[in-house]
Structures are given as structure tokens and as C-alpha cells.
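Here is the structure we will look at, set down as C-alpha cells.
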Protein chains: 2
Amino acid sequence: MSREIRRTMPLLSMSIVMQLTELSARQIRYYEEHHLIEPHRTEGNRRMFSLNDVDTLLEVKDYLEQGMNMAKIKKLFAKKLDPVATEEPDLSDTELRRIMREEMRQAQRMQKSSIRRGDLSRFY
Amino acid sequence: MSREIRRTMPLLSMSIVMQLTELSARQIRYYEEHHLIEPHRTEGNRRMFSLNDVDTLLEVKDYLEQGMNMAKIKKLFAKKLDPVATEEPDLSDTELRRIMREEMRQAQRMQKSSIRRGDLSRFY
DNA sequence: TAAAGATGTAAGGTTTCCTAACATCGTTTT
DNA sequence: AAAACGATGTTAGGAAACCTTACATCTTTA
């Protein structure tokens, strides 16, 4: 079983993801609506989340707590997945540098709170 | 978050544990009845399994497929947890050697089938 | 052949999750 | 300032997943 499969395996139900991320069901569904995650569905249409999804949700949460909005977060994520194709002509250089700064600050805060990316990564 | 906590964290619902182990709900509950696992319960009384639990279930499955019965499996597990306190006077030496042999064979088969202890251990 | 062991199945009830809609409340935009 | 927007809360009605209990079945053991 490859690491990739392990990370993307839909193992987790809504309730535990809520606990792990300290997000409400409403929030999680809203982020899905914006395609930040795309959880698997059971035959009965229930969401099943992967460890990757939890990771992403924790990132989204962090960004939102920094005052970033969905639109920017989406762009940030697009950039991650394909940094070339996303040469945003509508993002000024100063804007970009601001985002980078925020990412840095975010990376620092990673040391502190209860459940964080660093910990979860040890699951897979 | 320690490795121990990660392994014992109740993350998994009945349905995924069924998939991961290829056991029926009936079987899983039966093994719990015999105290081979003791899954956590949610407020609403639903079972939540840890990765340790899945590990144990896969072991139980293996032993049963080898023709061992619950009673012997229980003893085997007791021995694991406390090898001293379980000096079984009612287990003959030949019996013991047979069990050991089975454990060895079981350990070999670990290389083969679809989802196995070796793989799962990489989750935590 | 009866008892015991392991599992299947069915019934009835509860919990968890689903979508859809509307409410709220702070922040932009006009 | 009023309207629009963005993010989240809340509620309602319904469906899926899970629970326990009890009985059925089939195999192995006594």
C-alpha cells in the first residue's frame, strides 16, 4: 500500500473530522462546496474523509483565522497544485508577498495549538 | 501526540472497520463480547475503533482461519499482555509448541494478503 | 445425539448524517 | 446608509448506519 493511497484513503466520518479539526459540519460542507476538499461518498451518500482532507481542512482553518477569505485560499491552493499554470496576472506583487508573509506566520504558529498538521502527518 | 495515543485513538466507525478487516459486524461484535477488543463508544453509543483494534481484529481473523477457537485466542492474547502471569498449567507442552508453530506460520503469511498488519502499522 | 461455538439474519429503535432553506452578523460595495 | 456579500448558525424532514436482542443455522466437540 503506497503512501499516496494511505493518505487518500477515505476512513473518517464527519463526526471525527469535526473533532480532529474543531470545525462545524456546516463549515466543512461549506469548504467542500468551494471545492477545497472533495470527500468520498458511501453508497448511502455519507461523506468519508481521508487524512489528506483533514490536513487540508486544518490549513483552510488556519488561513481563515488569519483573515484570508475563500477566494484567496482557493488561489493559494491552486498555486500549490500547479504553481506554473497559476501565474495570476490579477495578483499584484505586493499582494503576493503579503500572502507569502502570511504563510510564513502560519508556519510558525504550527508549533502551538492542539491538533496540527505536524501531528497528523505522523498518521501516514 | 505520542505514538501510543495515535494507535489507540478511536477514529474509525463500524463500516470502515468491516471493510478494512473483511469481517462482518456480527463477527466484530462477537469478538468484542469476548473482550478481544474494547472499542470506545460515542455519546450515542456507537462503536469507535482505533487502529490498534483493527490490528487485533486482523490477528483474530488469522487465528480463526487457522482453526483456533476463541478460548485459545484469548489465552494467546493474555500471554502477550502478561507472559509471566499466564503460565498455563492446563496447556500441555505439545499444545504450546503447536500454538507457537501456528504463530510462526501466521507470521509468514503476513507478507501476502490484501490488508495486513504490516501495512496498517504505517498508519501510525 | 445433545451441547457448545461461531456466525447469519431479522425486528424495532436510536443516532448520525444528509440536503435545503432561511436566519444572522460582520464586512464590502454602491 | 442601504444593499449586497461572505461565512456560519439553525431548523426541519428524511435516509443511512448503527444499536441490542433474539432466534436460526451449521459445524465441531463431548
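These numbers were taken from a predicted model, which means no experiment stands behind them. In what follows, chains carry the letters A, B, and so on, assigned in the order in which the sequence lines appear, proteins first and then strands, with residues in each chain numbered from 1. Heavy-atom basis, side chains included; hydrogens, waters and symmetry copies ignored.
Shown for residues 33-47 of chain B: residues whose heavy atoms fall under 4.0 angstrom of DNA chain D, namely B:R41, B:N45, B:R46, B:R47.
Closest of all the heavy-atom pairs between B:L57 and B:I37 is CD2-CD1, 3.8 Å. Of all non-hydrogen atoms in A:L58 and A:L20, the two that sit nearest each other are CD2-O, 4.2 Å. Contact record, A:I28 with A:V17: CD1-CG1, 3.9 Å, taken as the closest heavy-atom pair. Between A:F49 and A:M14 the shortest heavy-atom distance is CE1-CA, 3.8 Å. Minimum heavy-atom separation, B:P39 to B:R47: CG-CG, 3.7 Å. Pairing each heavy atom of B:M70 with each of B:L64, the nearest pair is CE-CD1, 3.7 Å.
Partners of B:S50 under the side-chain contact (heavy atoms from CB on, under 4.5 Å) rule, at least two apart in sequence or in another chain, are B:N52, B:D53. The side-chain hydrogen bond (donor to acceptor under 3.5 Å, both in side chains) check on B:R26 picks up nothing, with sequence neighbours excluded.
Between B:H34 and B:I73, the closest side-chain pair of non-hydrogen atoms is not below 4.5 Å. The side-chain heavy atoms of A:Q27 and A:K61, taken from C-beta on, include no pair separated by under 4.5 Å. When side chains are defined from C-beta on, A:L12 counts as touching A:L51, because their heavy atoms get closer than 4.5 Å.
The distance between atom CZ of A:R29 and atom P of C:dT19, rounded to the nearest whole Å, is 7 Å. Rounded to an integer number of Å, the gap from CG of B:L23 to C1' of C:dT7 is 11 Å. Between B:E65 atom CD and C:dA6 atom P the separation is 14 Å, expressed in whole Å. Atom-to-atom, CZ of B:R26 to P of C:dA10 comes out at 14 Å; the value is rounded to the nearest Å. As a whole-Å value, the separation of B:M48 CE from C:dT15 P is 16 Å.
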Sub-3.5 Å pairs of nitrogen or oxygen atoms, protein against nucleotides 28-30 of chain C:
none

Kindly give the atom pairs (protein nitrogen or oxygen, nucleotide nitrogen or oxygen) under 3.5 Å for nucleotides 25-27 of chain C.
none

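For DNA chain D, the span of nucleotides reached by chain B at under 4.0 Å from its heavy atoms goes, 5' to 3', from D:dA17 to D:dT20.
Between A:M70 and B:E32, the residue anchored nearer the 5' end of DNA chain D, judged by the nucleotide with its closest heavy atom, is A:M70.
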Practice problem: List the steps, then state whether side chain to side chain contact (heavy atoms under 4.5 Å, CB included) holds for A:F77 with A:T56. | Solution: CA-CA 9 Å; A:F77 276 48; A:T56 302; 3.2 Å; yes
Quiz item: Could you walk me through whether B:L76 and B:E59 pass the side chain to side chain contact (heavy atoms under 4.5 Å, CB included) check?
Solution: CA-CA 11 Å; B:L76 224 53; B:E59 274 194 77; over 6 Å; no
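Contact annotation: B:Y30 side-chain N/O to C:dA6 OP1/OP2 distance is under 4.0 Å.
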